[in-house]
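Here the structure is laid out as structure tokens; the discussion comes afterwards.
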Amino acid sequence: QVQLVESGGGLVQAGGSLRLSCVASGRTFRDYNCGWFRQAPGKEREFVAAIVWSGGYTDYADSVKGRFTISRDNAENTVSLQMNSLKAEDTAVYFCAANTVYSRRRKSDSYNYWGQGTQVTVSP
């Protein structure tokens, strides 16, 4: 089992920045790839970013590429999402997740473990 707890969400004006963090506990964190997903009201959960277990590869949705940066610290069992130049359409609940199959990183059903989510609200 892996327990994931997100933090760092909040209310920010468009153009601002937020940094989300996800702390993992339980099984060896470095055994897992990590992803960030988000879900806006009335919409399906969508892929945002992913990072391989070693931190050597990352992937981003086109909608956030160049604005968001995913990183991880295996010594601290954390994965972070730095979000810059935020837009109103980035408003959603953001979830951290862990899986063992990086090739399926964009598929939410490939993730074994999920956090509870943290709300990000961007005012226009």
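Residue numbers run from 1 in the order of the sequence given.
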Given side chains that start at C-beta, do those of [X] and [Y] come closer than 4.5 Å, heavy atoms only?
| X | Y | answer |
| --- | --- | --- |
| Y94 | M83 | yes |
| S80 | R72 | no |
| V122 | K87 | no |
| T91 | V120 | no |
| Y57 | N33 | no |

Handout entry: N/O donor-acceptor pair under 3.5 Å between T28 side chain and R30 backbone
Key = no
Please output the side-chain donor-acceptor pairs of residues 16-25 that fall under 3.5 Å, not counting sequence neighbours, one pair per line with the distance.
from, atom 1, to, atom 2, distance (Å)
S17, OG, N84, OD1, 2.9
R19, NH1, Q82, OE1, 3.2
S25, OG, Q3, OE1, 3.4

Sequence neighbours left out, what passes salt bridge (Lys or Arg N to Asp or Glu O under 4.0 Å) with [X]? Give chain and number order.
| X | result |
| --- | --- |
| K43 | none |
| R104 | D109 |
| R38 | E46, D90 |

Handout entry: Check: T78/D73 side-chain N/O donor and acceptor closer than 3.5 Å
Key = no
Exercise for the section: For N99 and N112, test the side chains for any donor-to-acceptor distance below 3.5 angstrom and give the result as yes or no. Expected result: no
Practice task
State which residues pass side chain to side chain contact (heavy atoms under 4.5 Å, CB included) with R45; sequence neighbours excluded, sorted by chain then number.
Solution key: F37, Q39, F95, W114
Just verifying a value: how many Å separate [X] [atom1] and [Y] [atom2], rounded to the nearest 0.5 Å?
| X | Y | atom1 | atom2 | result |
| --- | --- | --- | --- | --- |
| Y111 | T100 | OH | OG1 | 10.5 Å |
| L86 | S123 | CG | OG | 10.0 Å |
| D59 | F47 | CG | CZ | 4.0 Å |

Handout entry: Results of ring pair (Phe, Tyr, Trp, His ring centres under 6.0 Å) for Y113 - residues two or more places apart only
Key = Y32
Handout entry: Minimal non-hydrogen separation, G117 against V93, with atom names
Key = CA-CG1, 3.8 Å
